[in-house]
Amino acid sequence: MSKVIVTIGIIIGFIFLFGVIVAANKGSGTPGILGLILFAGMVAGIRAVWKKPTVKNEITETDKHQLDKRD
């Protein structure tokens, strides 16, 4: 449930900041490269929220490798 709320917050924040950028560009009315950067940040933020957590206690075959401790 918290992931959904954070995702909605990210989208609302994106819309607000996008509107600020468009309002600041009085002449052209397009956000340009700043809008693309903002959109990429929104996508990265949403992907980070929904990323599956990695299990650190999981032992893989590479972890079972015996180390050679001879001098």
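- Leu36 belongs to a hydrophobic cluster whose remaining members, ordered by chain and number, are Ile33, Ile37; membership requires side-chain heavy atoms of ILVMFWY residues under 4.5 Å apart, directly or through intermediates.
- Under the 4.5 angstrom side-chain criterion for Ile, Leu, Val, Met, Phe, Trp and Tyr, the cluster partners of Ile11 are Val4, Val6, Ile8, Ile10, Ile12, Phe14, Ile15, Phe16, Leu17, Phe18, Val20, Ile21, Val22, Leu34, Leu38, Phe39, Met42, Val43, Ile46, Val49, Trp50.
- A 6.0 Å sphere centred on NZ of Lys3 holds more than 12 heavy atoms belonging to other residues, nucleotides or ligands.
- Under the side chain to side chain donor-acceptor pair (under 3.5 Å) criterion, no residue pair touches residues 8-24, with sequence neighbours excluded.
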